[in-house]
Each structure stands twice: as C-alpha cells, then as structure tokens.
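A quick write-up on the structure given underneath.
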There are 2 protein chains.
Amino acid sequence: MNSLIEENYLKALFSYANDQGEVSVKDLSEKLDIKMPTVTSMMKKLSTKGLVQYTSYKPIKLTAKGRKAAGIIIRKHRLTEMYLVEKMGFGWENVHEIAEQMEHVKSPDLFDRMDELLDHPKHDPHGSPIPDKNGKVDWINYPKLSECKVGDRVRLAAVVNSSADFLSFLNKRELQLDTEMELVSVEPFDNSMIVSYHDKPNETLSLLVSEKLLVEVISSLDSNQQSP
Amino acid sequence: MNSLIEENYLKALFSYANDQGEVSVKDLSEKLDIKMPTVTSMMKKLSTKGLVQYTSYKPIKLTAKGRKAAGIIIRKHRLTEMYLVEKMGFGWENVHEIAEQMEHVKSPDLFDRMDELLDHPKHDPHGSPIPDKNGKVDWINYPKLSECKVGDRVRLAAVVNSSADFLSFLNKRELQLDTEMELVSVEPFDNSMIVSYHDKPNETLSLLVSEKLLVEVISSLDSNQQSP
DNA sequence: GTATATTGTTAGACGCATCTAACAAAATTA
DNA sequence: TAATTTTGTTAGATGCGTCTAACAATATAC
Ligand SMILES: [Mn+2]
Ligand SMILES: [Mn+2]
Ligand SMILES: [Mn+2]
Ligand SMILES: [Mn+2]
C-alpha cells in the first residue's frame with residue numbers, strides 16, 4: 001500500500017506533531033534529514049493519497065486515515081522492541097535500530113502474534129505507549145525529571161531518547177524503567193540534579209539527562225501547597 | 001551495502017544456479033519476473049561490485065563474494081522461518097512470505113540470536129539446509145519421491161515448494177517432514193503414486209506432488225541389485 | 001550451410017525520491 | 001511601514017530500477 005519511504009514520512013508527522021497535530025515543512029525536513037523541496041513534493045503526494053492535509057504555506061496535519069496508518073507503524077515498532085527485550089534477551093539499548101527495520105514488515109499476523117505472546121503489553125521497553133490495532137494511542141503526559149522539585153519521590157516511567165549511547169549511560173548507573181528515585185537537591189549553577197535510588201545515595205544527573213527522563217511523581221514535599 | 005533489490009538478484013542467482021553454478025539471463029528474467037534488458041543491466045552493475053562474473057552472451061555466475069552474500073541472505077530467510085515455526089507457533093505454510101521480508105533486515109545480532117535460541121538448527125521448516133555464517137551450505141542431494149521404486153521405504157526430508165497452497169495440501173493429508181512412507185504402487189497411466197504412512201494405508205499423490213517431495217530412502221526391495 | 005528461432009544487448013524513455021538554484025511568501029525586526 | 005530574515009515553493013537535474021522497441025549474436029532446424 002504505502003512505500004517504506006512514505007511510511008517514514010507518516011511516522012515523522014505523527015511523532016513530531018505539536019498540540020494542534022501540526023508540523024512545519026522545516027521541522028519535517030530537519031528531523032528526516034531530507035531537503036525542504038523534497039518534503040513539499042512528498043506532502044503533495046500524501047495529500048492526494050488522503051493521508052495528509054496540505055495547503056501551501058500552511059503547517060501539515062495528518063488526516064484520520066494518515067494518523068491511523070502512522071499509529072500502526074509505531075505499534076509495530078514498539079511491539080518489536082518489547083518482543084526483542086522480553087522474548088529474545090536483547091538489552092533496551094539495542095532494539096531501536098532493529099525495530100526501525102521491522103516496523104515496515106507487512107504481516108499483521110506477525111505483530112498480532114508478538115502482541116499475544118507478550119500478553120498485550122501497554123508500553124515498550126522505553127516506556128512509550130503501544131498504539132492499539134487501530135493506531136490509537138492514549139497518551140499519559142508524564143513530567144520530565146528536570147521539572148520536579150527537591151524532595152519529590154518519583155518513578156522512572158519512560159525515556160524520551162532511545163539512542164544506545166544514552167541508554168548505556170543509564171545502564172551504567174543502574175537506572176531502569178520503574179526505578180524509584182528521590183530528588184535530593186538541584187545545583188542552581190547548571191541545574192544538575194542529585195538523586196538517590198537503590199543503594200545509591202547521591203547520583204548526579206546533568207540537565208541534559210534529567211530532561212530525557214519522564215517520571216511519575218509518587219509523593220511531593222509541598223503536597224497541598226501553591227507557590228507563594 | 002547491497003540494496004534490497006540487489007539482494008533479490010543475488011538470492012535468485014544462488015537458488016537457480018545449475019550444477020556449474022550458472023544461470024542464463026532468460027531464466028533469471030523469468031524467475032524474478034523482470035524483463036531481460038533490466039537483468040542485463042543489473043548484471044553489469046553487480047559485476048562492477050565484484051559480486052557476479054558477467055561476460056556478454058555468456059551465462060552468469062556468482063563470484064565467491066557474491067555467493068557468500070547470497071548465502072547469508074538465505075541463512076537469514078531460513079533462520080526466520082524456523083524461528084517463526086518453533087518459537088512463535090506459526091505453521092510451515094505461513095512463514096515464507098514473512099521471511100521474504102525479514103531476510104533483508106540488517107542486523108547480524110538478530111539472526112545470531114535466533115540461531116542460538118533455536119540451538120543452531122541445520123534445516124528450516126521445509127527441510128532446506130541453513131547456510132552457516134559465511135554463507136556456506138552443505139547440500140544433501142535427496143531424490144524426489146517421484147524417482148523412487150515400488151516397495152521403497154522413505155522419510156520425507158524436504159519439500160521443494162513453500163507455497164501456502166501446497167503446504168496446506170500436505171497438512172490436510174497429515175504429511176509432515178520426517179513422516180515415513182512406503183511406496184505401495186505407481187499408476188503407469190499418469191505416474192501418480194499410492195503411498196502408505198501413519199494410519200493411512202493408501203493415499204494417492206499425483207506426479208505434480210511426488211516431484212515436490214524430497215526423500216531419504218530408508219530401505220529398498222532391490223537393495224543389492226542392478227537393473228536387468 | 002543456410003534459414004529460422006531463441007536468447008541477449010543497446011538505446012531511449014519513464015516514475016520515484018532525491019538534490020540544488022532561483023524565486024516567492026510569511027514572519028520578524030527595525 | 002519598510003527592510004531583512006526565515007520559511008516554503010517551483011523548476012530543472014540526477015541516480016536507480018524499471019520498461020519497450022529495435023537490433024545483434026547464438027543456437028536450432030532444415
Ligand atoms: Mn524505538
Ligand atoms: Mn521505544
Ligand atoms: Mn522460504
Ligand atoms: Mn524454507
């Protein structure tokens with residue numbers, strides 16, 4: 001139906017959409033590392049296929065049909081990642097590149113089977129939600145660790161970067177999904193954070209790291225207070 | 001390295017090579033359903049890449065490098081088929097199409113892991129040998145059932161066709177790999193065969209079927225005799 | 001050994017996805 | 001508001017893998 005290349009555009013449109021579901025030609029161009037004129041012409045093509053809502057000089061939006069197609073690709077990606085980790089023994093840092101390729105495999109059966117063998121997982125190994133068979137994903141908007149306050153007790157819910165480098169960095173510090181941490185202090189100079197978890201009483205995380213960790217706040221010091 | 005399209009040519013060159021390892025432009029063209037001029041130009045391209053030995057008007061041969069590349073693709077295909085059957089519960093009639101796509105996935109790790117989890121299988125679900133990591137395959141030249149003689153006791157070693165239709169046909173008759181059969185008689189009119197196996201004393205197989213079944217002969221009536 | 005059939009190559013075109021160069025619209029700044 | 005910067009489009013070219021039409025070499029038949 002859609003070519004591998006079209007699928008990659010759809011996925012990007014889905015992933016980089018703002019709150020209005022829109023993406024600019026420039027953003028798409030940069031994320032995909034494809035020049036703007038190429039993006040423009042692909043948008044025209046996807047528009048004639050009814051996957052995208054395109055008007056010259058206006059930001060781009062997926063149609064319902066396009067959103068569904070994109071969601072299904074992302075479903076395949078995330079199911080694959082989960083399958084590789086849970087059933088084949090891969091580390092979470094080594095599955096993204098494989099899933100990038102497998103997400104284009106045309107075989108509903110294969111992914112349905114993964115889903116079944118995994119007992120219908122809700123999240124992938126990086127905490128990202130797995131869309132349902134209709135491409136629908138219900139999104140929980142976790143805050144970043146960097147937005148938390150001293151004294152907060154949090155659970156690592158997801159990471160917003162799946163690069164092997166970043167995940168290996170977390171591995172070295174024994175930071176995994178569901179690890180519970182307490183925010184000990186924030187260094188005002190560079191906004192680096194000191195957190196404690198497991199048997200580690202004070203691990204330092206730079207802002208670059210804490211921005212990439214999405215957390216669920218379990219408890220907070222100023223529970224019932226507004227800022228003064 | 002090699003594009004998906006190049007990989008499909010390599011695989012075809014490997015699979016349809018005659019005893020001298022050669023394939024004609026015409027054969028390749030027919031098997032791949034690609035017109036001859038296109039094949040010619042791809043052969044020139046693969047030749048400059050050192051994968052194929054090409055001289056105008058001569059049959060085509062893979063180089064050692066090309067043979068290795070092809071063998072590795074076929075290894076990935078067959079490991080995938082075996083993995084889908086053994087670890088994911090697919091029937092042997094439903095794995096070929098998926099493997100056709102997965103064989104192009106670039107990730108030695110994925111296939112090494114399949115190999116390990118499967119405990120280094122020698123054959124795929126259709127009885128075809130799995131090449132080693134260098135693309136080398138040691139080929140056992142089983143006879144076709146159609147070449148056997150009345151009274152022969154044989155084991156089904158492999159099928160030479162992986163179409164869902166053909167394999168479903170065998171499923172219906174409870175004919176599986178390793179099933180032991182005895183050749184009861186051959187109908188001279190159409191060369192159809194009557195065989196017995198399991199609790200089935202006389203199942204009829206047309207020539208079209210018996211030609212697609214490769215067998216290991218376990219015992220023969222005229223064991224130590226030449227034809228008169 | 002010539003005629004005919006088969007197989008293979010050359011030439012030129014096309015669709016797809018990409019690019020660069022040039023231009024145009026929209027947004028920002030002054 | 002006018003000038004400048006940023007963003008987006010149009011036009012035309014390129015490489016890849018494909019095709020058809022025409023021609024050429026090889027194999028087969030007579
Ligand atoms: Mn991923
Ligand atoms: Mn992920
Ligand atoms: Mn197969
Ligand atoms: Mn097979």
Side-chain angles (χ1 to χ4, degrees), chain A residues 1-14 16-62 66 69-70 73 100-101 103-104 106, chain B residues 1-14 16-62 66 69-70 73 100-101 103-104 106:
Chain A
M1 179 117 302
N2 302 320
S3 74
L4 181 147
I5 282 164
E6 290 167 346
E7 290 193 344
N8 283 335
Y9 280 91
L10 292 173
K11 202 171 44 132
L13 283 161
F14 190 101
Y16 302 122
N18 65 16
D19 20 323
Q20 269 97 204
E22 299 173 337
V23 188
S24 69
V25 170
K26 178 137 194 291
D27 281 3
L28 255 192
S29 163
E30 281 170 358
K31 305 291 185 178
L32 290 171
D33 196 22
I34 288 174
K35 296 288 179 291
M36 287 201 296
T38 310
V39 171
T40 297
S41 68
M42 181 57 79
M43 290 311 104
K44 290 177 175 170
K45 185 182 174 194
L46 293 182
S47 171
T48 65
K49 294 184 76 168
L51 295 162
V52 134
Q53 194 180 305
Y54 171 74
T55 320
S56 289
Y57 298 104
K58 293 271 158 59
I60 304 145
K61 248 181 125 164
L62 285 172
I73 298 162
E100 282 291 313
Q101 301 179 64
E103 71 192 7
H104 303 293
K106 264 76 180 172
Chain B
M1 182 112 300
N2 301 322
S3 75
L4 181 149
I5 283 164
E6 289 167 345
E7 290 193 345
N8 282 336
Y9 279 91
L10 291 174
K11 203 171 43 133
L13 282 161
F14 190 101
Y16 302 121
N18 65 16
D19 21 323
Q20 269 97 205
E22 300 172 336
V23 189
S24 68
V25 171
K26 179 139 192 291
D27 281 3
L28 254 193
S29 164
E30 281 170 357
K31 304 293 184 176
L32 290 171
D33 195 21
I34 288 174
K35 297 289 181 290
M36 286 202 295
T38 309
V39 171
T40 297
S41 67
M42 181 57 79
M43 290 310 105
K44 288 176 176 172
K45 185 184 174 193
L46 293 181
S47 171
T48 66
K49 294 183 77 169
L51 294 163
V52 134
Q53 194 180 305
Y54 171 74
T55 319
S56 287
Y57 298 104
K58 292 273 157 57
I60 303 145
K61 248 181 124 165
L62 286 171
I73 299 161
E100 281 291 312
Q101 301 179 65
E103 72 192 6
H104 303 293
K106 263 77 178 172

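Proteins get letters first, then strands, A, B, ... in listed order; numbering begins at 1 in each. These figures come from a predicted structure and were not determined experimentally.
Using a 4.0 Å cut-off, no side-chain N or O of B:Ser41 falls inside it from OP1 or OP2 of C:dT9. Dashed line: the shortest gap from a side-chain N or O of A:Tyr57 to OP1 or OP2 of D:dT10 is not under 4.0 Å. Applying the 4.0 Å criterion to OP1 and OP2 of C:dT18, one finds that A:Tyr9 has a side-chain N or O inside that range.
Of the residues in residues 16-23 of chain A, none lies under 4.0 Å from DNA chain C by heavy-atom distance. Using a 4.0 Å cut-off on heavy atoms, the residues of residues 25-38 of chain A that approach DNA chain D are A:Val25, A:Lys26, A:Met36, A:Pro37, listed by number.
For the residue pair A:Gln101 and B:His104, the shortest heavy atom distance occurs at OE1-O, 4.1 Å.
In this structure, B:Met43 places its CE atom 11 Å from P of D:dG17, rounding to the nearest Å. Taking atom CG of residue A:Leu4 and atom P of nucleotide C:dA17, one finds them 10 Å apart after rounding to whole Å. The distance between atom NZ of A:Lys44 and atom P of C:dA17, rounded to the nearest whole Å, is 15 Å. The separation between A:Asn8 atom CG and C:dA17 atom P is 11 Å, rounded to whole Å.
At least one donor-acceptor pair under 3.5 Å links the side chain of A:Thr40 to the backbone N or O of A:Met36. Using a distance-only test at 3.5 Å, with no hydrogens or angles considered, no donor-acceptor pair links the side chain of A:Thr55 to the main chain of A:Lys58. Listed for the B:Ser29 side chain is a donor-acceptor partner under 3.5 Å among the backbone atoms of B:Ile34.
A salt bridge links A:Glu7 with A:Lys106: the closest approach of a Lys/Arg side-chain nitrogen to an acidic carboxylate oxygen falls below 4.0 angstrom. Salt bridge annotation for B:Lys11-B:Glu100: present, with a cationic side-chain nitrogen under 4.0 angstrom from a carboxylate oxygen.
Checked against C:dA17, C:dG8, D:dC16, the side chain of A:Met42 finds its nearest nucleotide in C:dA17.
Counting any heavy atom pair closer than 4.0 Å across all strands shown, A:Lys58 reaches no nucleic acid atom.
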Give every donor-acceptor pair under 3.5 Å between a side-chain atom in residues 19-26 of chain B and any protein atom, sequence neighbours left out.
residue: B:Ser24; atom: OG; partner: B:Asp27; partner atom: N; Å: 3.0
residue: B:Lys26; atom: NZ; partner: B:Glu30; partner atom: OE2; Å: 3.0

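Nearest-nucleotide positions on DNA chain C for A:Glu6 and A:Ser56 put A:Glu6 closer to the 5' end.
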Verdict with reasoning, B:Glu103 to B:Asn8, per side chain to side chain contact (heavy atoms under 4.5 Å, CB included): CA-CA 10 Å; B:Glu103 72 192 6; B:Asn8 282 336; 3.8 Å; yes

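Shown are A:Ile60, A:Thr48, A:Leu46; of these, the side-chain contact (heavy atoms from CB on, under 4.5 Å) with A:Tyr54 is made only by A:Ile60.
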